[in-house]
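Since the structure comes first, as structure tokens, the remarks are kept for the end.
Scope of the values below: all heavy atoms of this structure, side chains included, with no hydrogens, waters or symmetry mates.
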Amino acid sequence: MHELALDLLDVQPAVAAQLKQAHARVRALQVPEGVRMALTRNLLVITAAAKHDLAGAARRLERFTADLDAGRIPGEER
């Protein structure tokens, strides 16, 4: 099998696990339902992108997770 294909096989489960974890984090957030829905839509876009551009989706997911970690939640009133 091609080396890049082997690398992708290693990355796919990791990205899938990170997406699953991100969805669980969004569900657990104490935010208005509209904010939760917007965050969930963002994750669904990243999930769809992973089917065509796994590396790009992984980068987007990393930024999404970093924003959550930093408390940067779009639409949330502070």
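The distance from atom CG of L19 to atom CG of L61, rounded to the nearest 0.5 Å, is 5.0 Å.
The side-chain heavy atoms of F64 and V45, taken from C-beta on, include no pair separated by under 4.5 Å.
Every residue two or more places apart in sequence or in another chain that forms a side chain to side chain contact (heavy atoms under 4.5 Å, CB included) with L29 is listed here: V31, R36, L39, L68, I73.
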Acceptor/donor pairs from residues 47-57 side chains to any protein atom, 3.5 angstrom cut, sequence neighbours excluded:
from, atom 1, to, atom 2, distance (Å)
T47, OG1, L43, O, 2.8
D53, OD1, G56, N, 3.0

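Evaluation of the side chain to side chain donor-acceptor pair (under 3.5 Å) test over residues 60-70, restricted to residues two or more places apart or in two chains, returns R25-D69, D67-R72.
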